[in-house]
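Below: one structure, written as structure tokens.
All of these numbers come straight from a predicted model, not from anything done at the bench.
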Amino acid sequence: MAQIGETRRELALDCFLLAGRIMMESGAETYRVEDTMIRMAVSQNMVNSHCFVTPTGIMFSPSEELATRFVRINNRSTDLERVALVNSVSRNLVSGEYTLQQAYDEMLMIDQTNYRSSIWVQTLAASVASACFFILLGGSWINLPFAFVIGGIGFIIVEKILEETRVKIFAEFIGAFVIGILASLAVYSGVATNLDTLIIGSIMPLVPGLLITNAVRDLMAGHFVSGLSKGAEAFLTAFAIGAGIALVISF
């Protein structure tokens, strides 16, 4: 019986940590991850469990007597569908609709499945967003195609560089620099106008909006370590974008 209890406990810990890792890698808020893991633990009679989540790692202790488990967060992106799926599985586990093994199997499937759209669909979405922001900021309709094209080019450059280097700040800097170059060429060659609006609209898909929102929400929830670290990451990303544009404007 003791061995069965230990096996079940290890399965539960694997399930909780996997759920937390998927959520953190997909752009969930820190307090949401902690709340989800604690609720799952309580459903398995681990009422004295403790959880500490940061953007780069998760620590979970089932009780004061048992060893603490740790998992590293290496990749962070935005995939809110995975967050919603993990939340759905955790609710089913808490409500008793799923057994622990079923919940773990579902978590494994979510972890191994790529729910993100293809890079070309994402680029199209970025192009549309750039064009919409360009019009929203007062740009002329005749220059709309330039914002559409430049925004898409900047986005796909960032994604390709990030895929190769895994250095987000460098990728954002190069993407913003290319956007500034293309917008400047379009304006100074006489085929487009509204340089400022064209640049701002085109870089909007690169702005770390979700990161800023999560940083503020974590700070409001009292998670100061995660809030400050996410805020610093958002600041560095914004700085890289601004530096890339400033370098172009300086010439």
Side-chain angles (χ1 to χ4, degrees), residues 24-30 54-57 72-80 116-117 119-134 136-137 139 146-188 192 194-219 223-251:
M24 284 304 298
E25 288 180 346
S26 303
E29 308 95 319
T30 301
T54 70
T56 56
R72 176 79 176 178
I73 308 298
N74 294 314
N75 302 311
R76 294 187 300 277
S77 61
T78 302
D79 193 344
L80 299 183
R116 300 186 68 182
S117 302
I119 184 64
W120 301 112
V121 174
Q122 295 180 54
T123 302
L124 177 61
S127 297
V128 172
S130 298
C132 291
F133 276 111
F134 177 74
L136 184 64
L137 294 169
F146 296 102
F148 181 90
V149 173
I150 294 174
I153 292 175
F155 177 83
I156 196 170
I157 286 176
V158 170
E159 290 296 313
K160 291 299 183 181
I161 294 177
L162 188 59
E163 183 180 328
E164 294 294 330
T165 65
R166 296 296 180 183
V167 182
K168 185 177 181 181
I169 296 175
F170 177 72
E172 299 279 2
F173 173 80
I174 297 298
F177 180 78
V178 171
I179 287 174
I181 289 290
L182 294 176
S184 298
L185 290 176
V187 171
Y188 291 123
N194 308 113
L195 176 61
D196 294 344
T197 307
L198 184 58
I199 290 177
I200 296 172
S202 299
I203 66 172
M204 288 304 291
L206 309 184
V207 175
L210 180 63
L211 196 58
I212 295 172
T213 302
N214 285 349
V216 173
R217 295 188 67 178
D218 282 340
L219 287 172
H223 295 270
F224 297 110
V225 173
S226 296
L228 290 175
S229 61
K230 289 180 180 179
E233 184 179 355
F235 171 79
L236 291 174
T237 301
F239 175 79
I241 295 172
I245 297 298
L247 184 61
V248 175
I249 299 299
S250 65
F251 291 116

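The two residues T56 and R72 come nearest to each other via the heavy atoms O-CD, 3.4 Å. The shortest non-hydrogen separation linking I245 to A176 is CD1-O, 3.2 Å. The two residues G27 and L210 make their nearest non-hydrogen contact at O-CD2, 4.1 Å. Of all heavy-atom pairs spanning R116 and S77, the tightest one is NH1-CB, 4.1 Å. S130 and P205 make their closest contact through OG-CG, 3.2 Å (heavy atoms, listed as atom of the first residue, atom of the second, distance). The nearest pair of heavy atoms linking L211 to A234 is CD2-N, 3.5 Å.
Side-chain atoms of S202 do not come within 3.5 Å of backbone N or O of I199 as any donor-acceptor pair. Panel note: side chain E25, backbone I73; no donor-acceptor pair is recorded below 3.5 Å.
Remark: E159 CD to E164 CD distance equals 12.0 Å, nearest 0.5 Å. The CD1 atom of I203 lies 12.0 Å from the CD1 atom of I150; values are rounded to the nearest 0.5 Å. Between atom CZ of residue F134 and atom CG of residue N194 there is a gap of 5.0 Å, rounded to the nearest 0.5 Å. A distance of 11.5 Å separates CD1 in I200 from CG in L136, rounded to the nearest 0.5 Å. Atom CZ of F146 sits about 11.5 Å away from atom CG of L182, to the nearest 0.5 Å. Here CG of L236 is found 10.0 Å from NZ of K168. Values are rounded to the nearest 0.5 Å.
Side-chain contact between F239 and I169 is absent, with no heavy atoms from C-beta onward closer than 4.5 Å. Contact check for L219 versus F224: side-chain heavy atoms found under the 4.5 Å cut-off. Within the 4.5 Å cutoff, the side chain of K230 has heavy atoms near those of the P55 side chain. For the pair L124/F148, a side-chain contact is recorded, criterion being any heavy-atom separation below 4.5 Å from C-beta on.
Put simply, the residue from I179, I157, T237 that forms a side chain to side chain contact (heavy atoms under 4.5 Å, CB included) with L206 is I179. Tested against T30, the residues T54, N214, V225, D218 include a single side chain to side chain contact (heavy atoms under 4.5 Å, CB included) partner, D218.
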